[in-house]
There are 2 protein chains.
Amino acid sequence: MTYHSPDLDSLFQALSDPTRRAILTRLAKGPAPVSALAEPFEMALPSFMGHLKRLEDGGLIETTKSGRVRTCAMRPGALEPARSWIDEQRAIWESRLDRLDDYVTKLMKERADETRSKD
Amino acid sequence: MTYHSPDLDSLFQALSDPTRRAILTRLAKGPAPVSALAEPFEMALPSFMGHLKRLEDGGLIETTKSGRVRTCAMRPGALEPARSWIDEQRAIWESRLDRLDDYVTKLMKERADETRSKD
DNA sequence: TGAATGGTAAGTCATATGGCTAAGTATTCA
DNA sequence: TGAATACTTAGCCATATGACTTACCATTCA
């Protein structure tokens, strides 16, 4: 069993920063050129571009350049692997709770039988 | 509008490493002491403890020490903020698609009217 | 009590991250 | 063509991350 998945690494990594999450939320509303995107952030442009790169590395956005303008767009479905992973964990957790529940039920039944046999 | 949420920062950060995700998957099946948890990983114990700390910082696990053994357990519901954030993005994205759809529909209607008036 | 067990603490190291400035390139507009 | 625009590149800096070793408690078991 391999526990290495570079996709999830860079995906979650990209999501771990407030600036980058804000960029994504903005892009969920529609594509935008770099300078428009950058405007609300008090940050030098090269720093901001670094964040865009991380988002691109994480597969969360796509950018295309036409003329001197680079337009950024969210990649639909890019968040799905993250969502799936989280759901899997929950599934594991819940199947465990189910088994635990079965076990407790069984224990209680045995106890009941035991008690009854004492009567 | 504030775009800073330290919870999501450390949560996603915690999830961005394969070792830590593997630990979580293991813990979803039930609690375990540090040494048992660490056993499958080819890593010095102090390094491993570092990962546990990141998971604890991200609110994903809880640990308790009794005697010389520290037991780690998953914190149920800890993944929910991450899941919610992802779902919100999707909601924004989809409402945008809806509006886009309305727009296209309107455009096509106008075009149809235009064409008709030419006849 | 003395040794083995299970973690902790302290300190080092290399690389990554996140920010900056200053200077450069490529388009577009006047 | 010359100036403004929209990035891009290069390089610097401080801190964080992820791994290591060595040494140090505290418990438990023989």
Side-chain angles (χ1 to χ4, degrees), chain A residues 2-27 30-73, chain B residues 2-27 30-73:
Chain A
T2 173
Y3 46 83
H4 188 71
S5 19
D7 296 332
L8 285 178
D9 285 9
S10 47
L11 212 176
F12 281 127
Q13 176 75 27
L15 296 180
S16 72
D17 178 277
T19 299
R20 291 193 292 264
R21 286 197 305 278
I23 295 173
L24 268 190
T25 300
R26 166 64 191 77
L27 287 180
V34 169
S35 46
L37 263 187
E39 194 271 323
F41 299 93
E42 294 186 350
M43 193 181 290
L45 197 57
S47 314
F48 187 78
M49 297 293 292
H51 286 297
L52 291 181
K53 185 177 184 322
R54 307 306 239 58
L55 286 169
E56 214 168 356
D57 289 348
L60 286 159
I61 68 170
E62 265 171 1
T63 76
T64 48
K65 192 160 185 178
S66 98
R68 61 186 168 177
V69 175
R70 177 171 296 279
T71 301
C72 305
Chain B
T2 173
Y3 46 83
H4 188 70
S5 20
D7 296 331
L8 285 178
D9 286 9
S10 47
L11 211 175
F12 282 127
Q13 176 75 27
L15 296 180
S16 71
D17 178 276
T19 299
R20 291 194 291 265
R21 286 197 305 278
I23 295 174
L24 268 191
T25 300
R26 165 64 191 79
L27 287 180
V34 169
S35 46
L37 264 186
E39 194 273 324
F41 299 92
E42 295 188 349
M43 191 181 291
L45 197 55
S47 315
F48 187 78
M49 297 294 291
H51 286 297
L52 290 182
K53 184 177 185 321
R54 307 305 239 59
L55 286 170
E56 213 168 357
D57 290 349
L60 286 160
I61 68 169
E62 266 171 359
T63 76
T64 48
K65 192 161 185 179
S66 97
R68 62 185 167 176
V69 176
R70 177 172 296 277
T71 300
C72 304

Give B:Gly67 one of three labels, base, sugar-phosphate or nothing, depending on what nucleic acid heavy atoms sit under 4.0 Å from its own. sugar-phosphate
Under 4.0 Å: is that the gap between some side-chain N or O of A:Arg70 and OP1 or OP2 of D:dT8? yes
Atom-to-atom span, NZ of A:Lys53 to P of D:dT8 - whole angstrom: 13 Å
Heavy-atom check, side chain of B:Val34 versus side chain of B:Leu52, under 4.5 Å: yes
Report the distance from atom CG of A:Asp9 to atom C1' of D:dT17, rounded to the nearest whole Å. 13 Å
What integer distance in Å separates A:Leu37:CG from D:dT5:P? 19 Å
Atom OG1 in B:Thr25, atom CZ in B:Arg21: separation rounded to 0.5 Å? 8.5 Å
Hey, does the side chain of A:Thr19 come within less than 4.0 Å of C:dG18's phosphate (OP1/OP2), counting only N and O? no
Presence of A:Lys65 side-chain N/O under 4.0 Å of D:dT8 phosphate oxygens OP1/OP2: yes
Passing candidate, side chain to side chain contact (heavy atoms under 4.5 Å, CB included) with B:Ile23, options B:Ile61, B:Leu37, B:Asp17, B:Leu60: B:Leu37
So, is A:Arg20 close to the C:dG18 phosphate, meaning a side-chain N or O under 4.0 Å from OP1 or OP2? yes
Starting at atom CZ of B:Phe41, determine the distance to atom P of D:dG18, rounded to an integer number of angstrom. 14 Å
Check whether any side-chain nitrogen or oxygen of A:Ser47 sits under 4.0 Å from OP1 or OP2 of C:dC20, and answer yes or no. yes
Starting at the 5' end of DNA chain D, which residue's closest nucleotide do you reach first, B:Asp17 or A:Val34? A:Val34
Within this structure, what is the CD-CG distance for the pair A:Glu62 and A:Leu27, rounded to the nearest 0.5 Å? 11.5 Å
Of the candidate nucleotides C:dT28, D:dT17, D:dC20, which contains the atom at the shortest distance from the side chain of B:Gln13? D:dT17
Figure out the CG/C1' separation between B:Leu45 and D:dA23, and round it to whole Å. 14 Å
Are A:Arg54 and C:dT17 close enough that a side-chain N or O sits under 4.0 Å from OP1 or OP2? yes
Distance check: side-chain N/O of B:Ser35 vs OP1/OP2 of C:dG7, anything under 4.0 Å? yes
Closest-nucleotide mapping onto DNA chain C: is A:Phe48 or B:Ala36 further toward the 5' terminus? I mean the 5' end. B:Ala36
Do B:Pro46 and B:Met49 have side-chain heavy atoms sitting under 4.5 Å apart? no
Roughly, in whole Å, what's the span from CG in A:Leu55 to P in C:dT17? 13 Å
Tell me the interatomic distance from B:Glu39, atom CD, to C:dG6, atom P, rounded to whole angstroms. 12 Å
A:Phe41 and A:His51: side chain to side chain contact (heavy atoms under 4.5 Å, CB included), yes or no, with the steps? CA-CA 12 Å; A:Phe41 299 93; A:His51 286 297; over 6 Å; no
Closest to the side chain of A:Pro46, out of C:dG7, C:dT8, C:dT21, is C:dT21
Check whether any side-chain nitrogen or oxygen of B:His51 sits under 4.0 Å from OP1 or OP2 of D:dT17, and answer yes or no. no
Rounded to whole Å, CE of A:Met43 lies from C1' of C:dG18 at a distance of 8 Å
